[in-house]
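To keep things clear, I will list the structure first and then write my remarks on it.
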Protein chains: 2
Amino acid sequence: MKKKTTIYDIAKELGITVSTVSRALSGFPAISKATRQAVEEVAERLNYSPNKLASALKSGKSFIVGVIVPSIEAHFFASIIHNIEEGLKDSGYRIILFQSKESIENEIKGVKTLLEAQVDGIMASMSLETNDISHFEEIIKQNKPLIIFDRVNQEINVPTITLNDYQAGYIATEHLIKQGYKNIAFITTIHQIKIFKDRLEGYKDALKANGMIIQERNIIFSDLSIKDGRYGAGRLMRNKDKPDAIIAGDDFTALGVIKKLNETGETPPKIGVIGFANEAFSAYITPSLSTINQYPAQIGTSCAEMFLQMVAKQNPYDDIRNIILEPTVVERQSTNIDALKH
Amino acid sequence: MKKKTTIYDIAKELGITVSTVSRALSGFPAISKATRQAVEEVAERLNYSPNKLASALKSGKSFIVGVIVPSIEAHFFASIIHNIEEGLKDSGYRIILFQSKESIENEIKGVKTLLEAQVDGIMASMSLETNDISHFEEIIKQNKPLIIFDRVNQEINVPTITLNDYQAGYIATEHLIKQGYKNIAFITTIHQIKIFKDRLEGYKDALKANGMIIQERNIIFSDLSIKDGRYGAGRLMRNKDKPDAIIAGDDFTALGVIKKLNETGETPPKIGVIGFANEAFSAYITPSLSTINQYPAQIGTSCAEMFLQMVAKQNPYDDIRNIILEPTVVERQSTNIDALKH
DNA sequence: ATGAAAGCGCTAACAG
DNA sequence: CTGTTAGCGCTTTCAT
């Protein structure tokens, strides 16, 4: 393998110095047109490829941003990442990806790894296990932009892009009430993540606002998965005054609920079911699943925008904004009880 | 922002030199236990975090591998990436992600970007547009590992991890024949990607082997998407001797086919439908979709293994292996014609 | 077992 | 408009 060409090779070839070459290549204005063209021509001919590592080491800017998500396999996060990349692409920033797999240990390792890689900033959505945020503080201490999206844990004082999860819980519940359901259950996670607490509050307040009673046995704390959905539905259906509608913590859990109900013959919309996140499959299952649209594309776009603003400032944290997106209900068959009346 | 601690700070603190600190920190054997412990203690106390960029610049190894996929939003690729990360994690390698979005222009830019970031190797699945592979040759020229997975274009002489796509086409067709379907259509892409050609060959050979005739009007070349599936199904159903089964280029296309057939009342399995890739939704749509399992987890794991082997060698390309995984049929309702007989 | 010193490829302040 | 020079933080050869 022959040695790679550097700006020294180009300089030697043209009998000029590396600084001139460096300037010519980086679009420095005070360079004669002739020199610039000559440099570009030789760079091309020698198949020059800049070493961004060296550049990053010297300039202190790597043009890499780290992204930490629980899992890339949830379409919600894949979509966010897709849109972060999209929003960043004209700025020259690239992404290093890290999956926490819902483990705080991995998340800590992720932050450490990304910091060692000298990323210029980090965007993260917290794992379900995350109850302590000290590992994120190192990023702030280094004065690098940290943006938390979707899964916010507690009072971490950085910009956040979140959904109005209280509202999400509220409108999901309200939608079911409007459809005519009277006894609405709620399956959520045992973990202390703010968004899930908020949804639960929204649920409770919507019930209250409509003169309904909050029954503790209608609220199930478990994990969120297809399996947990089946289990939760089974448990709820064994209650003496079993619910006529179920709000599930995410679409996967809702899918489990539906599968269980399909088996027991109480196929939705007989029992209403609504999920969260509008996963790829949700429109296509039977019955199709009503859900809450969480606008991952906007979240990704906002993350990118926010990052570019922060990184341009002397102090990224001098004007901390918290963007809150408003969720909407996606009405599908699983809550369309009217369809049964015909 | 206070300056970050470097090995110089540690050295000064202890009255030793940076070389000793560097050795102590990197597990060099010929270091006294006392020194090593002292270094570790001070590193901890000063909150030292190594600058991997500097290390990479000097040593020529960045411990980053670039991954290029068409889109992270297809579960197939998300799963591969997940498993690459998993397979690499103990080795200290991290991933920089790049999405080509099925555009060769993006793919070229991706290779360039990753090379400039001094990745130690690249794993890529080609875009549908990719008909020229010269941009990949630069990676080989730099003697860095290049591994192509799933989407292989033509005779590129690097290690590959692929599915036996001929076999995939063959068993998909054979499955339909065994189920009793007699007139089987095929929707595929217009693009010149090897895997799609291979599947088509498998389809044709399976028909021949079973004494069936290959009808050109039963083969549709279009794009692959839900929309194209609807369109393709519509076109096929207008043929005079319309098919009684359709093989769709991927599960999204198959979904479009099913939606169209559901509307026209020829709901599968009346018309048999099978897809490729076993997407997240395929088990949950109605009717559930028979498909070909393409084992993304194994592909990802194999990529990681292969990379680690290559990177450990003087010449990564001295023993080029091509791993071929065998697909299997996932039988679900959309091809279960027996169910209609009861 | 440890130190001295060179240098990876690039940028940027200063000088001219 | 261009050259000189120092140095980013680390690894590594050669000494001792």
Side-chain angles (χ1 to χ4, degrees), chain A residues 1-40 42-43 46-64 92 115-120 142 144, chain B residues 1-40 42-43 46-64 92 115-120 142 144:
Chain A
M1 173 177 60
K2 58 183 186 310
K3 291 227 19 71
K4 285 189 58 181
T5 29
T6 72
I7 52 173
Y8 279 87
D9 302 319
I10 301 176
K12 204 192 303 171
E13 185 88 6
L14 287 168
I16 57 178
T17 61
V18 287
S19 21
T20 307
V21 175
S22 172
R23 288 180 193 121
L25 254 20
S26 60
F28 191 77
I31 285 282
S32 76
K33 218 168 182 117
T35 313
R36 169 160 299 141
Q37 279 182 352
V39 168
E40 276 165 2
V42 175
L46 297 186
N47 196 21
Y48 170 73
S49 165
N51 184 331
K52 300 272 171 154
L53 244 45
S55 156
L57 178 60
K58 178 64 194 176
S59 68
K61 298 216 37 160
S62 65
F63 284 95
I64 293 179
L115 249 18
E116 289 178 0
Q118 309 302 117
V119 295
D120 289 343
Q142 293 190 13
K144 290 179 173 173
Chain B
M1 175 176 59
K2 60 183 187 309
K3 291 226 26 67
K4 287 189 57 182
T5 11
T6 72
I7 53 173
Y8 278 88
D9 302 318
I10 301 176
K12 204 191 304 170
E13 184 88 7
L14 288 167
I16 57 179
T17 61
V18 287
S19 10
T20 308
V21 175
S22 173
R23 288 182 192 120
L25 254 20
S26 60
F28 192 77
I31 286 282
S32 77
K33 218 170 182 117
T35 312
R36 168 161 300 142
Q37 279 182 352
V39 168
E40 278 165 1
V42 175
L46 297 185
N47 195 21
Y48 169 73
S49 165
N51 184 331
K52 299 273 172 151
L53 244 44
S55 152
L57 178 60
K58 179 64 194 175
S59 69
K61 297 214 39 157
S62 65
F63 284 95
I64 292 180
L115 249 18
E116 289 179 0
Q118 310 302 117
V119 296
D120 289 343
Q142 293 190 15
K144 289 179 174 173

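Lettering of chains follows the sequences in order, A, B, ..., and the numbering in each one begins at 1.
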Residue-phosphate contact under 4.0 Å: [X] side-chain N/O, [N] OP1/OP2:
| X | N | result |
| --- | --- | --- |
| A:Ser59 | C:dT11 | no |
| A:Tyr8 | C:dT11 | no |
| A:Thr20 | D:dT2 | no |
| B:Thr35 | C:dT2 | yes |
| A:Ser55 | C:dC10 | no |

- Message: From the set D:dG3, C:dC10, D:dC10, return the single nucleotide nearest to any side-chain atom of A:Thr6.
- Response: C:dC10

- Query: Among the nucleotides C:dC10, D:dG9, D:dT2, which one has an atom lying closest to any side-chain atom of B:Ala54?
  - Reply: D:dG9

What integer distance in Å separates [X]:[atom1] from [N]:[atom2]?
| X | N | atom1 | atom2 | result |
| --- | --- | --- | --- | --- |
| A:Asp9 | C:dG9 | CG | P | 9 Å |
| A:Leu57 | D:dG7 | CG | P | 14 Å |
| B:Lys4 | D:dC10 | NZ | P | 8 Å |
| A:Lys58 | D:dA6 | NZ | P | 12 Å |
| A:Ile16 | D:dT4 | CD1 | P | 12 Å |
| A:Ile7 | D:dT2 | CD1 | P | 15 Å |
| B:Phe28 | C:dT2 | CZ | C1' | 10 Å |
| B:Lys52 | C:dC8 | NZ | C1' | 17 Å |

- Message: Would you compute the distance between atom CG of B:Leu46 and atom CD1 of B:Ile7 and round it to the nearest 0.5 angstrom?
- Response: 13.0 Å

- Item | Separation of A:Asp9 CG from A:Asn47 CG (nearest 0.5 Å) | 11.5 Å

- Is there a donor and acceptor pair closer than 3.5 Å between the side chain of B:Arg23 and the base of D:dT13? yes

- Query: Mapping B:Ser32 and A:Ser22 to their closest nucleotides on DNA chain C, which lands nearer the 5' end?
  - Reply: B:Ser32

- Tell me whether the guanidinium CZ or amine NZ of B:Lys12 lies under 6.0 angstrom from the six-membered ring centre of B:Tyr8 and within 45° of its axis. no

- Which atoms form the tightest heavy-atom contact between B:Arg23 and B:Arg36, and what is the distance? O-NH2, 4.2 Å

- Determine the contact category for A:Ser19: base if any of its heavy atoms lies under 4.0 Å from a base atom, sugar-phosphate if only primed atoms, P, OP1 or OP2 are that close, otherwise nothing. base

- Item | Side chains of B:Leu57 and A:Asn51 in contact at under 4.5 Å (non-hydrogen atoms) | yes

